[in-house]
Colleague: 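Quick one: this structure, given as structure tokens, is what I'll be asking you about.
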Amino acid sequence: GPPAPAAHDGFLVSAAAYCRTVSQPNLTHWDRDVLTTCATPGASCTVSELDGTTARAVDIADARLALRASAQRFVVLKTSGALVLRAADGAETPIAAWAADPSVSADGVRVAYIGLQDGVSEAGTPTRVLLHDLRDGSVRIIADDPDASSPLVVPDSDDVVYVSSRSGLASIWRGNGEYEIQVTNLDVEGGDQGVMPTFGGHVVWVPGARALAFEVNTTESTIWKY
């Protein structure tokens, strides 16, 4: 069977902590024990850590999104679009000059994100799916795909799954820079025939299982498990 999930990937909260968390005003993103709240779109957001049922503020300037990496480190998407690794002492190491849809692997050492292709110095197309290793700073090109979004590292693997409409339908794809395969909607030509993940929507691993959950919007929002 699959390996047991790491403690880092098994963050659980009580019902009281859950209710208190989701009722926070302007809550934009909840990643394990890290909360990002944004009062104004595009402006600097507030980052906090859950400690029991209490959210404790973390002093991170100009943050649009913060994700937990290993130990006391955070992967932070800045309001400028830059992606950085913030150490426990507050020092920031650049990951990318511009990024979108970052996600941190369950082991806390790899970051998948949408980045710019070579020769482009500012936000815009063409874009690609990239995987950055926080241990040595190496970067792997997963796919040159301007239609990609929502990349997510496959646990215990160098593979990344992501959403792309390159086939004409929004579908789940998987690759590692050496191969790419379309996972959902194979040989499907119409939206009424297939399951289409929401472009730019949420894609998550189900902890402790080899299963992927993703959001689908048709007439209403639903969650599918693959």
Side-chain angles (χ1 to χ4, degrees), residues 1-6 8-13 15 17-19 21-23 27-36 38 65 67-68 75 77 99-108 110-115 127-131 142-177 179-226:
H8 181 72
D9 199 35
F11 180 74
L12 300 174
V13 297
Y18 174 82
C19 290
T21 300
V22 298
S23 65
L27 178 64
T28 303
H29 194 274
W30 180 359
D31 175 64
R32 299 168 183 149
D33 63 335
V34 181
L35 309 177
T36 305
C38 306
L65 173 67
L67 307 170
R68 172 71 71 190
V75 171
L77 182 63
D101 293 352
S103 65
V104 179
S105 61
D107 57 15
R110 290 164 295 170
V111 183
Y113 63 95
I114 302 299
T127 56
R128 57 180 27 157
V129 182
L130 297 167
L131 182 65
I142 301 299
D144 284 315
D145 187 348
D147 295 321
S149 71
S150 306
L152 194 68
V153 183
V154 178
D156 306 309
S157 168
D158 286 328
D159 287 12
V160 174
V161 293
Y162 54 94
V163 178
S164 176
S165 58
R166 62 199 287 185
S167 67
L169 293 175
S171 305
I172 300 291
W173 287 71
R174 176 172 177 161
N176 65 5
Y179 80 95
E180 294 174 86
I181 58 172
Q182 186 177 351
V183 177
T184 61
N185 296 332
L186 293 173
D187 301 320
V188 174
E189 297 180 355
D192 57 344
Q193 298 175 290
V195 175
M196 295 185 293
T198 303
F199 189 79
H202 297 293
V203 183
V204 298
W205 287 109
V206 179
R210 306 300 288 188
L212 183 73
F214 54 93
E215 182 181 11
V216 174
N217 275 330
T218 51
T219 55
E220 61 182 11
S221 179
T222 57
I223 302 296
W224 288 74
K225 185 173 75 170
Y226 180 85

Colleague: Could you give me the CA-CA distance, side-chain angles and deciding distance for Val129 and Ile114, then say whether side-chain contact (heavy atoms from CB on, under 4.5 Å) is met?
Modeller: CA-CA 5 Å; Val129 182; Ile114 302 299; 3.9 Å; yes
Colleague: Gln182 side chain to Thr184 main-chain N or O, any donor-acceptor pair under 3.5 Å?
Modeller: yes
Colleague: Please step through side-chain contact (heavy atoms from CB on, under 4.5 Å) for the pair Val34 and Leu67, ending with a clear verdict.
Modeller: CA-CA 6 Å; Val34 181; Leu67 307 170; over 6 Å; no
Colleague: Quick check: closest heavy atoms across Leu130 and Gly115, and the distance to 0.1 Å?
Modeller: CD1-CA, 3.9 Å
Colleague: Which value, rounded to the nearest 0.5 Å, describes the distance between Ser150 atom OG and Trp173 atom CH2?
Modeller: 15.5 Å
Colleague: Can you measure from CG (Asp147) to OG (Ser165) and round to the nearest 0.5 angstrom?
Modeller: 4.0 Å
Colleague: Taking all non-hydrogen atoms of both residues into account, name the closest pair between Glu180 and Ala143 and its distance.
Modeller: OE1-CB, 3.2 Å
Colleague: Using side-chain heavy atoms (C-beta onward) and a distance below 4.5 Å, is Val160 in contact with Arg110?
Modeller: no
Colleague: List the atom of Ser103, the atom of Pro151, and the distance in Å for their closest heavy-atom pair.
Modeller: OG-O, 2.7 Å
Colleague: Quick one: closest heavy-atom pair of Gly175 and Ile142, and the distance?
Modeller: O-CG2, 3.6 Å
Colleague: Please name all residues satisfying side chain to side chain donor-acceptor pair (under 3.5 Å) with Asp31, sequence neighbours left out, ordered by chain then number.
Modeller: none
Colleague: Just how far is it from atom CG of Asp144 to atom OG1 of Thr127, taken to the nearest 0.5 Å?
Modeller: 9.0 Å
Colleague: May I ask you to decide if Ala170's main-chain N or O and Asn185's side chain share a donor-acceptor pair within less than 3.5 Å?
Modeller: yes
Colleague: Of the non-hydrogen atoms in Thr21 and Leu27, which two are nearest, and what is the gap between them?
Modeller: O-CD2, 3.5 Å
Colleague: Going by heavy atoms in the side chains, are Val163 and Ile172 under 4.5 Å from each other?
Modeller: yes
Colleague: Using the test ring-ring contact (aromatic ring centres under 6.0 Å, His included), find all partners of Tyr226 that sit at least two apart in sequence or belong to another chain.
Modeller: none
Colleague: Please find the pair of heavy atoms, one from Cys19 and one from Ser23, that lie closest to each other, and give the distance.
Modeller: O-OG, 3.0 Å
Colleague: Can you find a pair of side-chain heavy atoms, one from Asp145 and one from Tyr162, that are under 4.5 Å apart?
Modeller: yes
Colleague: Taking C-beta and beyond as the side chain, do Pro102 and Leu65 meet within less than 4.5 Å on heavy atoms?
Modeller: yes
Colleague: Is there a side-chain contact between Val183 and Leu212 (heavy atoms, below 4.5 Å)?
Modeller: no
Colleague: Check whether any side-chain heavy atom of Val216 lies under 4.5 Å from a side-chain heavy atom of Ile223, and answer yes or no.
Modeller: no
Colleague: What is the distance from atom OH of Tyr113 to atom CG of Leu152, rounded to the nearest 0.5 Å?
Modeller: 15.5 Å
Colleague: Apply salt bridge (charged side-chain N to carboxylate O under 4.0 Å, His left out) to Arg174 and list each qualifying residue two or more places apart in sequence or on a separate chain.
Modeller: Asp159
